[in-house]
Amino acid sequence: MHHRWLLLVACFWVLFMLMVASKLITLTMKDPEGYGNKQGPLTVLPETEKTAVTETTKLQIESQPTTKSLKDKSFAVLLHKERTELLRNVCGNGSLRNLSHTGLSKFVLDRIFVSDKHRILFCQTPKVGNTQWKKVLIVLNGAFSSIEKIPENVVHDHEKNGLPRLSSFSAQDVHERLNSYFKFFIVRDPFERLISAFKDKFVHNPRFEPWYKHDIAPAIIRKYRKDRRESRGGLQFQDFVRYLGDPNHRFLDLQFGDHIIHWITYVELCAPCEINYNVIGHHETLEDDAPYILREAGIDHLVSYPTIPPGITKYNKSKVENYFSKVSKRDIRRLYTRFEGDFKLFGYKDPTFLF
């Protein structure tokens, strides 16, 4: 009888130890944050990321990215895919063809800067942080060793900055580069960009660009100032809008030459429906888009985009409302008619709050 009790106690002891061991194993399998048993939403990765994760299984402990970084990369890929798909859809919309298509003229090819060393084409769209991107390319092309060493007066001096334009190549070389190089450009809310151009060229007016104030502004005033007796105070934003929204604006454009690059449409500058760009960055999300562009171009280990001051890229609706408050609804609608293609192609909301 005594032996039976001992055997029974021994069986209970073995069962108890097995339960403890099972509990310890379960606890060990939980993640450090204590969420091991929770089944969260699955992150669907693009095929390229799935391959990368599979190939680095042996290095999981050292190099496996966190869930947050995986989600960020996946989101960036999907976001830029949506942008390019939107662009293609609008380009294929026959009703917007006159607003979305342009020829591959020398004027367009003049806007595209080339880095043969790194197989990159960058289309210049002024008033969206292009000076900084030109600095990046200048360093990549070897003219200067770092962005900090580039003198400001050299950035836009195309005889000294080492940035060839696509228009300087033969037709065959242009074709080959357009078909094989990484291509990108940056956009911004179209109306806010016009405000930036107006302020920079006609209000602040840098001393080294006097022609905007002394030649271009008077020509716009003579043609578009409603009250010709009001000639003091320089160009007003209302005059500027009337000029840009005039269906016959090309008469003055021809007089102004290449200076119009600061306010004409992205379509006229970069021909986005004719050139298959890899990435279209947005000024409003430049903090995320700049690193993404550098990674996609394969140059993120060579150069960094200059530090962006906090808040400088954020869309300012109040500023837009303030500038357009003195512009007639008719003139705003005419301006929108010209820039509608830019709004549609790049996913910007129509400025109906101004109409």
Side-chain angles (χ1 to χ4, degrees), residues 98-100 102-103 105-108 110-111 124-128 130-131 153 156-158 187-271 316 318-343 348 350-351 353-355:
N98 291 338
L99 296 171
S100 60
T102 189
S105 63
K106 182 180 182 299
F107 180 84
V108 171
D110 274 344
R111 311 280 76 78
Q124 171 185 329
T125 50
K127 315 321 302 173
V128 295
N130 280 264
T131 297
N153 64 323
H156 301 295
D157 188 334
H158 301 295
V187 296
R188 181 183 189 178
D189 176 86
F191 279 7
E192 191 171 37
R193 172 174 170 258
L194 294 180
I195 293 171
S196 179
F198 174 77
K199 289 172 60 180
D200 182 48
K201 302 306 178 186
F202 301 108
V203 179
H204 303 314
N205 189 233
R207 286 177 296 174
F208 56 86
E209 295 180 332
W211 47 85
Y212 288 101
K213 186 174 182 178
H214 299 302
D215 299 323
I216 294 178
I220 296 175
I221 291 172
R222 283 194 298 270
K223 186 170 178 62
Y224 295 101
R225 177 68 56 84
K226 284 190 173 181
D227 189 346
R228 302 293 175 84
R229 294 171 298 179
E230 294 183 15
S231 58
R232 295 191 303 173
L235 185 69
Q236 297 175 356
F237 189 65
Q238 302 93 299
D239 307 324
F240 189 54
V241 169
R242 290 188 199 105
Y243 152 55
L244 295 178
D246 184 357
N248 300 312
H249 61 84
R250 296 189 186 280
F251 176 76
L252 283 185
D253 288 352
L254 292 173
Q255 295 183 41
F256 300 157
D258 282 0
H259 301 309
I260 63 175
I261 65 172
H262 297 280
W263 51 76
I264 63 174
T265 67
Y266 300 125
V267 171
E268 295 168 286
L269 288 169
C270 298
N316 191 333
S318 297
K319 179 177 67 176
V320 174
E321 289 177 321
N322 181 54
Y323 267 85
F324 280 92
S325 62
K326 295 181 180 180
V327 182
S328 72
K329 297 292 190 287
R330 172 181 176 274
D331 289 338
I332 296 175
R333 282 192 289 269
R334 292 181 69 176
L335 180 69
Y336 173 73
T337 297
R338 178 181 176 186
F339 285 84
E340 182 182 3
D342 282 357
F343 279 96
Y348 286 102
D350 291 341
F353 62 92
L354 296 174
F355 295 165

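Residues L244 and L335 approach most closely at CB-CD1, 3.6 Å, considering heavy atoms. Residue I220 comes nearest to L235 through the heavy atom pair CG2-CD1, 3.6 Å, listed as atom of the first residue, atom of the second, then distance. C270 and Q124 get closest at one heavy-atom pair: SG-O, 4.2 Å. Between V128 and V187 the shortest heavy-atom distance is CG1-C, 4.0 Å. In plain terms, the two heavy atoms of I221 and D239 that are nearest each other are CG1-OD2, 4.2 Å. Smallest separation of non-hydrogen atoms from I332 and L354: CD1-O, 3.6 Å.
Contact check for T265 versus T102: no side-chain heavy atoms found under the 4.5 Å cut-off. Within the 4.5 Å cutoff, the side chain of F353 has heavy atoms near those of the P351 side chain. Here the side chains of F324 and I195 are in contact, with some heavy-atom distance below 4.5 Å. The closest side-chain heavy-atom distance from Q238 to K226 is not below 4.5 Å. With contacts defined as side-chain heavy-atom distances shorter than 4.5 Å, the pair D253/Y243 qualifies. Between E192 and S196 there is no side-chain heavy-atom pair separated by less than 4.5 Å. With a 4.5 Å cut-off on side-chain heavy atoms, K201 and H259 do not count as touching. Residues R193 and P126 have side chains in contact (heavy-atom distance under 4.5 Å, counting atoms from C-beta outward).
If you take OG1 on T125 and CG on N130, they are separated by 4.0 Å, rounding to the nearest 0.5 Å. Atoms CD and CG, on E209 and D215 in that order, are 12.5 Å from each other to the nearest 0.5 Å. With rounding to the nearest 0.5 Å, the separation of NE2 in H249 from OH in Y224 is 8.5 Å.
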| said: Between F202 and F237, does the ring-ring contact (aromatic ring centres under 6.0 Å, His included) criterion hold? Intermediate values first, please. | reply: CA-CA 9 Å; F202 301 108; F237 189 65; over 10 Å; no
| request: Using the ring-ring contact (aromatic ring centres under 6.0 Å, His included) rule, take F339 and Y348 through it: C-alpha gap first, then chi angles, then the decisive distance, then the call. | output: CA-CA 11 Å; F339 285 84; Y348 286 102; over 10 Å; no
| message | side chain to side chain contact (heavy atoms under 4.5 Å, CB included), that's the test. Do F191 and F343 meet it? Break it down for me. | response | CA-CA 9 Å; F191 279 7; F343 279 96; 3.8 Å; yes
| request: Determine, step by step, whether F107 and I264 satisfy the side chain to side chain contact (heavy atoms under 4.5 Å, CB included) criterion, reporting the C-alpha distance in whole Å, the side-chain angles of both residues, the deciding distance to 0.1 Å, and the verdict. | output: CA-CA 12 Å; F107 180 84; I264 63 174; 3.5 Å; yes
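Side-chain atoms of Y266 come within 3.5 Å of backbone atoms of R188 as a donor-acceptor pair (strictly under, hydrogens ignored).
Y336 and D350 share a side-chain donor-acceptor pair at under 3.5 Å. Of the N and O atoms on the side chains of T131 and H156, at least one donor lies less than 3.5 Å from an acceptor on the other residue.
Ion pairing of E268 with R111 is absent here, as no side-chain N (NZ or NE/NH1/NH2) approaches a carboxylate O to less than 4.0 Å. Remark: R242 does not engage D246 in a salt bridge, criterion side-chain N to carboxylate O under 4.0 Å.
In this structure, Y212 and W263 have perpendicular ring planes: the angle between them is above 60°, well past the 30° mark.
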